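Quantities reported herein were computed from a predicted structural model and do not represent experimental measurements.
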Amino acid sequence: MAQINRVLRSINDEDAARCVDIFLRPEGTTGFEEYRRDVEDISGWFPVGGHASRVFQEESAALEAAMRDVPWLRRVVGSA
């Protein structure tokens, strides 16, 4: 059976062209990844950040790292 991460939180940019997912791995660690999509391409979301392999023990630590490493995320979360 495939090991599937469970998304805990997904945050879109203002144009809904990029998002960051904070996820929980089956063994209990958390992580995050940045994705993008092109509205004219029906293929869906593509990972662009290269962050998925980073390991955090808590959701808050993954979010903190994402906010530090994904510049647009600070702007979006800061305005929420």
Side-chain angles (χ1 to χ4, degrees):
M1 177 180 234
Q3 299 287 322
I4 298 175
N5 297 335
R6 181 170 57 101
V7 175
L8 302 172
R9 185 171 180 185
S10 187
I11 306 164
N12 288 335
D13 71 355
E14 300 91 342
D15 300 324
R18 290 187 178 255
C19 78
V20 167
D21 285 354
I22 309 293
F23 56 84
L24 177 66
R25 294 183 182 91
E27 87 284 347
T29 62
T30 61
F32 75 93
E33 183 56 277
E34 180 183 12
Y35 297 88
R36 74 162 179 83
R37 70 174 173 171
D38 298 318
V39 292
E40 63 276 355
D41 183 352
I42 61 169
S43 299
W45 293 93
F46 298 93
V48 295
H51 304 286
S53 63
R54 296 171 66 185
V55 176
F56 304 91
Q57 297 306 312
E58 298 178 3
E59 178 182 356
S60 60
L63 178 59
E64 182 179 309
M67 289 184 58
R68 194 174 46 246
D69 297 338
V70 180
W72 64 261
L73 186 61
R74 292 188 294 273
R75 185 176 64 247
V76 171
V77 172
S79 67

ILVMFWY network linking Trp72 to Trp45, side-chain heavy atoms under 4.5 angstrom: no

Distance in Å, Asp21 CG paired with Leu8 CG, rounded so as to fall on 0.5 Å steps: 9.5 Å

Over 12 foreign heavy atoms within 6.0 Å of CD, Glu58: no

Check: Asp15 side chain, Ala17 main-chain N or O, donor-acceptor pair, under 3.5 Å: no

Between OG1 on residue Thr29 and CZ on residue Phe23, distance to nearest 0.5 Å: 8.0 Å

Student check: side-chain heavy atoms of Tyr35 and Val20 closer than 4.5 Å: no

CZ/Arg6: more than 12 non-hydrogen atoms of other groups inside 6.0 Å: no

Distance-minimising heavy-atom pair for Gly31 and Phe56: CA-CD1, 4.0 Å

Side chain to side chain, Gln57 and Thr30, heavy atoms closer than 4.5 Å: no

From CG (Asp13) to CZ (Arg36), nearest 0.5 Å: 12.0 Å

Expected output: side-chain Glu34 to main-chain Gly49 donor-acceptor under 3.5 Å: no

Flag side-chain contact, heavy atom, 4.5 Å: Ile11 against Val77: yes

Flag side-chain contact, heavy atom, 4.5 Å: Arg37 against Arg18: no

Atom of Ile4, atom of Pro26 and distance for their closest heavy-atom approach: O-CG, 3.6 Å

Single-linkage hydrophobic cluster Leu63~Leu24, side-chain heavy atoms < 4.5 angstrom: no

Salt bridge (Lys or Arg N to Asp or Glu O under 4.0 Å) between Glu33 and Arg54, intermediate numbers included: CA-CA 9 Å; Glu33 183 56 277; Arg54 296 171 66 185; over 6 Å; no

Heavy-atom check, side chain of Phe46 versus side chain of Asp38, under 4.5 Å: no

CZ-CZ distance between Arg74 and Arg68, expressed to the nearest 0.5 angstrom: 10.0 Å

